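This report refers to the structure that appears directly beneath it.
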Amino acid sequence: MWSTVRLWFDPDEVRSVGSTPDYRFSLANERTFLAWLRTALALIGGGLAVAQFLSEHRLRNVIAISLLVLGGLVAIRAVDHWARSERAMRLGEALPPSRFPAILALVVTIGAGALLVATLL
């Protein structure tokens, strides 16, 4: 696990394996990482907005905390996926599969339903 975390913070570690891929692929990988970070920030901002603007209710706290935690998880998942994809490209391997986008879509849909209920209460 620590070797995986080390990949996140040590660019030399990522570059130490395989050969340099086409820069377009590395830059596309970085753009994808940044898109995931924007998603994480939006979820965190949504959690703060729910905590601030919905009326006092237990469901408000559940939704706000869930959005904040989900935003943090998305950020961690983003950096992990970036490092694993960069490593796979350098080694000429298939990119790592991910179910995370589908899971995130389901969680966001459930969260939207909960927000609808909280707003109508």
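These values consider heavy atoms only, across backbone and side chains, with no hydrogens, waters or symmetry-generated copies. Just so it is clear, the model here is predicted, and its values are computed rather than measured.
- Of all the heavy atoms in M89 and L95, the pair that sits closest is CG-CD2, 3.8 Å.
- At least one side-chain heavy atom of E86 sits under 4.5 Å from a side-chain heavy atom of P21.
- Here the straight-line distance linking atom OG of S85 with atom CD of E93 works out to 11.0 Å at 0.5 Å rounding.
- The hydrophobic clustering, which links ILVMFWY residues whose side-chain heavy atoms are closer than 4.5 Å, places I103 and L43 together.
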Exercise for review: Apply side-chain contact (heavy atoms from CB on, under 4.5 Å) to the pair T32 and W82, showing each step before the final yes or no.
Suggested key: CA-CA 8 Å; T32 302; W82 169 82; over 6 Å; no
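- F33 and I76 fall within a single hydrophobic cluster, where Ile, Leu, Val, Met, Phe, Trp and Tyr are joined by side-chain heavy atoms under 4.5 Å apart, directly or via other members.
- We find the CG-OG1 distance between L70 and T39 to be 10.0 Å, quoted to the nearest 0.5 Å.
- Of all the heavy atoms in A88 and A94, the pair that sits closest is CB-O, 3.6 Å.
- Atom CZ in F100 sits 11.0 Å away from atom NE2 in H81 (nearest 0.5 Å).
- Summarising the geometry, atom CG belonging to L48 is positioned 10.0 Å from atom CZ belonging to F53; distances are rounded to the nearest 0.5 Å.
- L68 and L73 are members of different hydrophobic clusters when ILVMFWY side chains are connected at heavy-atom separations under 4.5 Å.
- Across every non-hydrogen atom of A75 and A40, the tightest pair is N-CB, 3.8 Å.
- Side-chain contact between L67 and I44 is absent, with no heavy-atom pair separated by less than 4.5 Å.
- Hydrophobic clustering of Ile, Leu, Val, Met, Phe, Trp and Tyr side chains at less than 4.5 Å, counting indirect connections, unites V50 with V117.
- No hydrogens or angles considered: a donor-acceptor pair under 3.5 Å links the side chains of R77 and S98.
- Between R84 and P96, the shortest heavy-atom contact is NH2-CB, 3.3 Å.
- Under the 4.5 Å side-chain heavy-atom criterion for ILVMFWY residues, a single connected hydrophobic cluster contains both L34 and V79.
- Scanning all heavy atoms of the two residues, the minimum distance from S66 to V62 falls at OG-O, 2.7 Å.
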